[in-house]
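Worksheet: the structure to be examined is printed underneath.
Start at 1 and go down the list; that is how both ligands and their atoms are numbered.
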Amino acid sequence: MSERVTVMLSEEEVDKRIQEIGEQISRDYEGKQVHLVCVLKGGSFFMCELAKRISVPVSLDFMSVSSYGSETKSSGVVRIVKDLDEPLKGKDVVVVEDIVDSGRTLSYLLEMLRDRGPKSLRLCTLLDKPDRRVVDVHVDYTGFQIPDEFVVGYGLDYNQKYRNLPYIGVVKLNEE
Ligand code: IMP
Ligand code: MG
C-alpha cells in the first residue's frame with residue numbers, strides 16, 4: 001500500500017495563523033514571561049515558529065511522551081519518554097501541541113503538569129479535531145479546527161514520515 005498527500009492548509013495559511021496566535025499570546029502575557037512547553041516530536045515545528053512571533057520574554061522546555069496504542073489511536077495511558085529539564089513552579093506555562101484528537105494524551109499530560117504548581121497553565125494547539133474528542137480538554141489557543149481526517153506535515157507524521165512538510169496535508173492511501 002502506498003500513499004499520497006494532498007494539501008489541506010497551505011504554508012501561507014499556516015504561517016498567517018501562527019502570526020495571529022503569536023500576537024494574541026503577546027497581548028495576553030504582556031508584562032510577563034511565557035514558558036513554552038513543547039510536546040515532542042509533533043509540537044516542535046509549531047513551537048519554533050510560534051516562539052519567533054511572541055514579543056514578550058520566552059523560555060522553552062521540551063518533553064516527550066508516548067501514548068500506548070496503535071498508530072492512529074491513542075489509549076490515554078501516557079508514558080514520559082523525556083521529562084522537562086526545568087521545574088514549572090510559579091511559571092506561566094503554555095503547552096504547545098501539534099494536534100488534539102481524542103484528547104486523551106493532553107488531558108493526562110495537563111493534569112500531570114498542573115500538579116507541578118505552575119502559576120498558570122494553558123494549552124495551545126496548531127490543530128484540533130473536535131469531532132474526535134473522547135475526553136474533554138480545554139484548549140486556550142487553536143490554530144485550526146479540522147475535520148476528522150488523518151493529517152501530516154508541520155511536525156505531524158505518518159509512520160514517522162512527512163513531519164518536514166511546510167504545510168498541513170491529508171494522507172490518502174492508494175490501494176494496490
Ligand atoms: P489524542 O490523545 O487522541 O488527542 O492524540 C494526540 C496525538 O495523536 C497527537 O499528539 C498526534 O501525535 C497523534 N495524532 C492524532 N491525530 C493525528 C493526525 O491526524 N495525524 C498525525 N498524528 C495524529
Ligand atoms: Mg503530539
Side-chain angles (χ1 to χ4, degrees), residues 1-11 13-15 17-18 21 25 35-51 60-84 88 93-116 121-175:
M1 193 121 75
S2 62
E3 73 264 359
R4 68 203 149 84
V5 178
T6 58
V7 179
M8 177 189 272
L9 297 162
S10 70
E11 185 171 3
E13 285 175 278
V14 176
D15 285 353
R17 186 67 190 119
I18 296 177
I21 298 174
I25 290 176
H35 190 64
L36 299 181
V37 165
C38 172
V39 185
L40 295 169
K41 301 168 188 165
S44 58
F45 287 71
F46 177 39
M47 174 159 108
C48 292
E49 292 306 314
L50 182 65
L60 308 174
D61 207 346
F62 299 84
M63 73 187 302
S64 180
V65 298
S66 127
S67 74
Y68 295 103
S70 63
E71 205 45 55
T72 53
K73 191 172 173 293
S74 70
S75 63
V77 182
V78 175
R79 180 170 61 95
I80 298 181
V81 178
K82 182 221 171 294
D83 206 342
L84 298 170
L88 297 182
V93 175
V94 177
V95 175
V96 181
E97 253 287 21
D98 48 0
I99 191 164
V100 185
D101 187 38
S102 71
R104 288 188 175 106
T105 310
L106 258 300
S107 79
Y108 187 95
L109 191 66
L110 288 172
E111 206 166 299
M112 194 181 68
L113 297 180
R114 200 167 283 123
D115 284 346
R116 299 184 185 188
L121 181 64
R122 285 185 176 173
L123 172 61
C124 176
T125 183
L126 179 60
L127 303 173
D128 184 4
K129 286 187 200 169
D131 298 346
R132 297 262 302 172
R133 199 74 89 254
V134 174
V135 182
D136 196 30
V137 176
H138 179 74
V139 185
D140 299 282
Y141 304 99
T142 305
F144 301 91
Q145 291 199 338
I146 60 166
D148 179 13
E149 294 198 76
F150 196 80
V151 289
V152 293
Y154 239 95
L156 291 145
D157 75 299
Y158 173 68
N159 289 339
Q160 296 302 324
K161 284 190 294 184
Y162 305 120
R163 290 192 197 274
N164 58 315
L165 295 180
Y167 56 86
I168 300 295
V170 183
V171 180
K172 305 277 184 198
L173 298 178
N174 300 316
E175 310 264 347

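- In Glu97, the part holding a heavy atom less than 4.0 Å from any atom of ligand 1 is the side chain.
- For the ligand labelled ligand 1, residue Leu156 lies inside the 4.0 Å heavy-atom shell.
- Across Asp98, Val39, Leu40, Val137, heavy-atom proximity to atom 12 (O) of ligand 1 is greatest for Asp98.
- Under a 4.0 Å criterion applied to the non-hydrogen atoms of Gly103, ligand 1 contributes the atoms 1 (P), 3 (O), 4 (O).
- Residue Glu149 has at least one heavy-atom neighbour below 4.0 Å for each of these atoms of ligand 1: 19 (O).
- The OG1 atom of Thr105 sits 10.5 Å away from atom CG of Leu110, with the distance rounded to the nearest 0.5 Å.
- At a threshold of 4.5 Å between non-hydrogen side-chain atoms, the residues Ile80 and Leu109 do not count as touching.
- Which parts of ligand 1 touch Arg104 is read off a 4.0 Å heavy-atom cut-off, strictly below it: atoms 2 (O), 4 (O).
- Residue Val151 holds the heavy atom nearest to atom 21 (C) of ligand 1 of all those in Val171, Ile146, Val151.
- Judged by distance alone, with hydrogens and angles left aside, the side-chain atoms of Arg17 form a donor-acceptor pair with the main-chain N or O of Thr142 at under 3.5 Å.
- Rounding to the nearest 0.5 Å places CZ of Arg163 at 5.0 Å from NZ of Lys41.
- You'll find the side chain of Val37 reaches within 4.5 Å of the side chain of Leu88, heavy atoms only.
- Closest approach of Pro166 to Tyr154, counting heavy atoms only: O-CE1, 3.4 Å.
- Asp128 has a carboxylate O that lies under 4.0 Å from a charged side-chain N of Arg133, or vice versa, which qualifies the two as a salt bridge.
- Remark: ligand 1 atoms within the under-4.0 Å shell around heavy atoms of Thr105 are 1 (P), 2 (O), 5 (O), 6 (C).
- Atoms of ligand 1 lying under 4.0 Å from at least one heavy atom of Asp157, given by number and element, are 21 (C).
- Within the 4.0 Å heavy-atom cutoff, Lys129 counts among the residues contacting ligand 1.
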